[in-house]
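Computation of the quantities below employed the complete heavy-atom set of this structure, encompassing side-chain atoms and omitting hydrogens, waters and symmetry-equivalent molecules.
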Amino acid sequence: MPSSDPLPPKESAVFRKILKCYEMKQYKNGLKLAKQILSNPKFTEHGETLAMKGLTLNCLGRKDEAYEHVRRGLRNDLKSHVCWHVYGLLQRSDKKYDEAIKCYRNALKWEKDNIQILRDLSLLQIQMRDLEGYRETRHQLFKLRPSQHASWIGFAMSYHLLGDYETAMNILETFLSSQTMDTYDYKHSELLLYQNNVIQEAGNHEQALQHLKDCGAQILDKLAVQESMGALCLKLGRHEDAVTIYKGLIERNPDNTEYYRKLMEARKLSEPNELIEAYRAMQEEYPQSFSARRLPLDIATGDTFRALVDEHLRRNLRKGVPPLFVNLRSLYRDSAKVQTIGELVECYYQNLISSGYFSAEDAANPDVRKEPASALLWTMYYLAQHYDHLRESEKALDFINAAIEHTPTLIELFVTKGRIYKHAGDVLEAVKWLDEAQSLDTADRYINSKCAKYMLRANQIKEADEICAKFTREGVSAMENLNEMQCMWFQTECALAYQRLEKWGDALKKCHEIDRHFSEIIEDQFDFHTYCMRKMTLRSYVGLLRLEDVLRRHPFYFKAAKCAIEVYLRLFDKPLAAESAVEELDIENLPAPELKKLRNKQRKAQKKKAEQENAQSKENQKKEQYCRKQLYQDGDPEAPQLDELIPEKLARPDDPLEKAIEFLKPLQQLAKDNIETHLMAFEIYLRRNKLLLMLQSLKRARKIDANNAVLHSCIVRFYRALEQRLASPDNAVDPSVRVVIDRERENLFHGHPSAIALNDAYLAANRDNCDAVYEAAKIMYTLDEKRRDEAITLTASSTVLSQKVPLEKATKLFLLLKSGYFGPCEKHLKAFKLLCQKRYPLAVVFADVTATPITTLTTTQSSNADNTQTTVTDSGSSRCVVTATSEQTLGKQALADKPSKKQKNGPEIKAN
């Protein structure tokens with residue numbers, strides 16, 4: 001449809017040049033041409049020219065002017081598809097996709113067959129997952145351009161994504177039958193594989209297998225063909241064909257564990273002895289295959305397992321395979337296998353020390369050669385990891401110290417020693433050894449990252465930043481550069497460290513940065529909608545769309561969201577005072593001279609702060625100018641400016657619970673199988689006093705783990721809140737809400753008449769469970785403060801530690817007593833600490849501490865490693881120095897000492 005306000009031929013030619021300049025990204029020339037038309041008094045308010053000028057200004061980063069011109073143009077010509085299209089492009093550049101879709105639909109009212117508008121609309125619809133709308137738009141594009149490949153592919157994919165496989169298959173079949181090709185290229189190959197995927201998703205396995213047989217010669221990705229055919233043969237019960245296919249695949253890649261499992265399934269082998277024999281045959285056929293030797297260990301038991309693991313251990317210890325323990329760690333779920341492995345490796349160690357052979361039989365056999373000298377080293381290395389996994393930290397340290405004395409240049413040994421200390425509860429000692437490890441090879445990025453992670457776990461954020469700066473861009477702070485690179489493991493650990501240090505604003509800043517990364521990743525898929533259709537990477541494209549739909553299920557997002565929710569709940573419970581209010585509190589009751597000094601100090605501080613803000617403002621302006629310059633060169637529309645994340649503002653939100661819900665909603669949709677999601681939801685709704693939403697969260701959590709200790713705590717608190725609401729005449733429960741709650745009473749409260757009775761019943765049934773004791777004791781005291789002594793005795797009870805309780809759980813109980821939750825309980829706290837010191841001798845948290853200032857740990861010089869002062873930070877407590885007793889510090893030596901000196905516990909190792 002022609003414009004409602006057409007230009008004369010001369011001006012119309014200039015307008016076409018403006019469009020050409022926009023397409024060629026010659027924005028300044030476009031503005032000059034627009035000025036030519038608009039300077040004419042007859043066309044000063046020409047709508048389409050104003051709109052194009054606005055679009056050009058937007059590309060130059062002048063967003064406010066752009067919106068002003070486009071809206072003015074639209075007001076002057078509401079029936080112009082150009083004006084509506086341009087307004088939609090502006091909205092799209094600001095990520096306002098819903099508004100942009102409305103604009104495109106308005107444009108189509110006046111120009112329903114405009115190809116470009118339809119394409120832009122289809123991109124937004126697939127971005128927003130409006131699949132019904134996407135199908136309609138692709139259908140219209142298909143009718144307008146039936147000769148283009150992309151029209152057919154997009155039309156078929158719209159039905160595929162909606163689950164209408166039959167129609168999608170018919171479209172693809174019709175399209176392929178119309179193609180006449182002498183040679184088959186990559187694009188055609190990918191299209192055939194995509195078609196086969198659609199057939200498989202439709203459940204037509206027989207048809208899919210026949211399709212692969214018919215078109216296999218035309219497909220270039222032969223591996224994908226073989227893998228698909230093998231899987232289809234198994235589904236169809238054609239086991240003989242599957243055996244042939246998987247044998248061929250194993251010959252191609254003898255270390256793919258999935259191929260071996262599928263081959264055994266195809267051969268219908270299920271008995272352990274049959275499987276082990278089959279794997280032995282594969283070992284003979286592929287002697288270099290690691291998988292063929294490792295997989296039987298999962299199946300074998302008893303003497304068979306002993307023989308197989310003996311052979312596997314000897315082979316790899318002889319070769320010196322560093323990740324041997326990691327490879328065998330999955331076997332440690334079986335206690336019998338753990339005992340067997342421990343006995344064998346201990347035996348190797350004793351024999352290597354005494355004779356240089358793995359066993360006495362080998363030593364007596366003259367035909368067996370002596371083991372290499374490195375075999376002893378790798379045996380000690382394995383034993384250190386073995387005992388560390390069993391949390392026998394002192395034995396693990398004995399072996400790792402002996403290994404370091406044997407070969408003091410092997411980095412893996414220092415990393416393992418740091419890990420042992422971390423598991424033993426001494427994070428600062430762990431940092432020291434990781435720092436030593438990275439100093440041995442400063443070019444190793446993995447060790448550098450590992451060291452930074454340990455530092456963050458020890459709340460040494462500044463030191464971690466300095467360590468990471470070795471591998472980040474020069475001229476930019478490491479923290480900023482890692483944010484640009486979306487290094488989420490670092491930001492997650494930073495957020496948790498700030499949370500432990502009670503720097504709430506900084507913790508929230510990191511959480512919001514991670515949230516923005518996920519938003520950016522979702523936005524970035526926009527570029528692939530046209531690219532994948534053009535390059536015909538259709539299988540990968542469908543995989544991308546499905547990944548993006550569940551992106552926030554990723555563990556990085558869960559950790560960041562959990563941290564943010566916990567911080568917001570803390571800020572709701574104990575809001576931070578305004579900075580001005582804090583200053584006013586400080587000056588109350590001060591004498592005149594001191595008040596004068598304080599005022600001078602405040603003035604200097606304000607002046608310094610103003611100078612810093614001015615410098616920061618200038619730096620930000622330089623950055624903005626640089627970014628804009630880059631954007632002008634690239635010619636891309638400026639992305640919407642995000643609000644700056646200022647820790648002080650983040651720590652004082654107007655509505656902390658609303659902010660917490662923003663992080664919670666994605667978890668409720670995508671991480672509903674994780675009980676922590678529903679427990680966090682309960683905490684938020686409890687503070688909002690929303691009974692039905694609390695009930696919903698509890699019901700969802702009970703489906704996952706009905707006996708969870710934290711869930712029990714939530715149920716009791718819900719019971720108590722309900723009792724209080726029912727007893728309060730001012731805050732009555734709505735009758736319809738009460739009906740719903742009454743219906744769930746039996747499931748939640750099991751017929752107990754009160755919250756106290758419910759808690760006592762749970763405690764009686766779970767007295768041996770450390771988590772249950774922790775939660776039940778807290779609830780007991782909360783419900784009835786007269787039972788304080790009983791709650792303290794329960795928490796500090798030695799029976800809790802009589803079992804093999806992990807260090808983390810014992811620490812949690814100790815910190816509960818120490819926090820003053822039950823009031824002063826010095827006697828019980830001291831007794832519990834002594835018990836824990838015996839059980840966990842290396843754990844710093846149970847050491848005798850004195851609150852004294854401390855200098856930060858040096859991470860650049862290993863000569864400072866013999867300093868016996870270390871720091872520990874408990875959740876919710878301040879930094880303090882650990883003054884270790886003589887028994888704990890005895891034997892701690894720096895690595896700078898001579899090799900002849902004994903390190904902690906020395907190289908003398910006692911056998912079991």
Side-chain angles (χ1 to χ4, degrees), residues 309 313 316-317 320-350 376-408 410-438 446-447 450-451 453-454 457-458 803-811 836-846 870 888 891-892 895 903-912:
V309 79
L313 285 166
N316 288 285
L317 291 172
V321 177
L324 175 60
F325 176 79
V326 175
N327 184 261
L328 294 179
R329 189 164 52 196
S330 60
L331 299 175
Y332 278 60
R333 289 191 289 264
D334 187 332
S335 57
K337 290 183 178 181
V338 174
Q339 187 179 350
T340 302
I341 292 171
E343 288 171 0
L344 284 169
V345 186
E346 281 278 9
C347 182
Y348 299 159
Y349 173 73
Q350 297 294 347
L376 175 61
L377 168 68
W378 295 112
T379 302
M380 291 188 289
Y381 178 58
Y382 186 93
L383 282 169
Q385 295 176 90
H386 170 80
Y387 284 117
D388 177 44
H389 186 83
L390 300 177
R391 296 297 184 264
E392 297 182 26
S393 302
E394 291 180 311
K395 276 188 179 181
L397 283 172
D398 287 339
F399 282 108
I400 203 65
N401 283 331
I404 289 171
E405 189 168 291
H406 183 282
T407 308
L410 186 63
I411 296 173
E412 284 87 348
L413 302 179
F414 296 95
V415 175
T416 300
K417 186 166 185 179
R419 189 181 300 117
I420 293 166
Y421 273 112
K422 181 187 78 171
H423 292 156
D426 192 345
V427 186
L428 282 226
E429 192 71 13
V431 168
K432 185 185 84 173
W433 291 105
L434 261 292
D435 191 21
E436 188 68 30
Q438 71 86 27
Y446 169 76
I447 300 297
K450 203 75 176 169
C451 182
K453 190 172 183 178
Y454 273 56
R457 293 277 173 92
Q803 308 164 32
K804 203 165 185 181
V805 174
L807 171 63
E808 295 78 11
K809 294 184 180 182
T811 303
C836 289
Q837 283 175 349
K838 289 177 185 175
R839 177 64 68 84
Y840 314 103
L842 298 172
V844 175
V845 71
F846 304 123
T870 54
Q888 289 169 317
K892 282 194 179 179
L895 282 174
Q903 300 193 22
K904 182 171 170 40
N905 296 323
E908 297 174 5
I909 297 161
K910 296 175 184 177
N912 279 345

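Atoms NZ and CG, from Lys417 and Asp388 in turn, are 13.0 Å apart once rounded to the nearest 0.5 Å. Considering CG of Leu413 and CH2 of Trp433, their distance stands at 10.5 Å, rounded to 0.5 Å. Interatomic distance, Leu317 CG to Leu376 CG, rounded to the nearest 0.5 Å: 10.5 Å. Atom CD of Gln339 sits about 10.5 Å away from atom CG of Leu344, to the nearest 0.5 Å. Taking CD1 from Ile404 and OG1 from Thr407, the interatomic distance works out to 10.0 Å, rounded to the nearest 0.5 Å. Note that CG of Leu434 is 8.5 Å distant from CZ of Arg419, once rounded to the nearest 0.5 Å.
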Checklist entry - Which is it for Leu313 and Leu328 under the side chain to side chain contact (heavy atoms under 4.5 Å, CB included) test, yes or no, and what are the steps along the way? => result CA-CA 10 Å; Leu313 285 166; Leu328 294 179; 3.6 Å; yes

Next on the checklist: The test is side chain to side chain contact (heavy atoms under 4.5 Å, CB included); show your working for Tyr387 and Ile400 and say whether it passes.
Outcome noted: CA-CA 10 Å; Tyr387 284 117; Ile400 203 65; over 6 Å; no

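When side chains are defined from C-beta on, Val844 does not count as touching Leu428, because their heavy atoms never get closer than 4.5 Å. Between Arg391 and Leu807 there is no side-chain heavy-atom pair separated by less than 4.5 Å.
Of all heavy-atom pairs between Val427 and Ala458, the closest is CG1-CB, 3.5 Å. Across every non-hydrogen atom of His389 and Phe325, the tightest pair is CB-CZ, 3.5 Å. Nearest heavy-atom pair across Ala430 and Tyr421 is N-CB, 3.8 Å. Taking every heavy atom of both residues into account, Val431 and Tyr454 meet most closely at CG2-O, 3.4 Å.
For the pair Asn401 (side chain) and Leu397 (backbone), a donor-acceptor distance under 3.5 Å is present.
Taking the six-membered ring for Trp and thresholds of 30 and 60 degrees, Phe399 and Tyr349 have ring planes more than 60 degrees apart, a perpendicular arrangement.
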Donor-acceptor pairs are to be reported for all side-chain atoms of residues 377-384 against protein atoms at under 3.5 Å, with residues two or more places apart or in another chain.
| from | atom 1 | to | atom 2 | distance (Å) |
| --- | --- | --- | --- | --- |
| Thr379 | OG1 | Ala375 | O | 2.7 |
| Tyr382 | OH | Tyr332 | OH | 3.1 |

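A search for side chain to side chain donor-acceptor pair (under 3.5 Å) contacts involving Glu808 returns nothing, not counting sequence neighbours. Here Ala437 pairs with Ile411, Phe414, Val415, Ile447 under the side chain to side chain contact (heavy atoms under 4.5 Å, CB included) rule; sequence neighbours left out.
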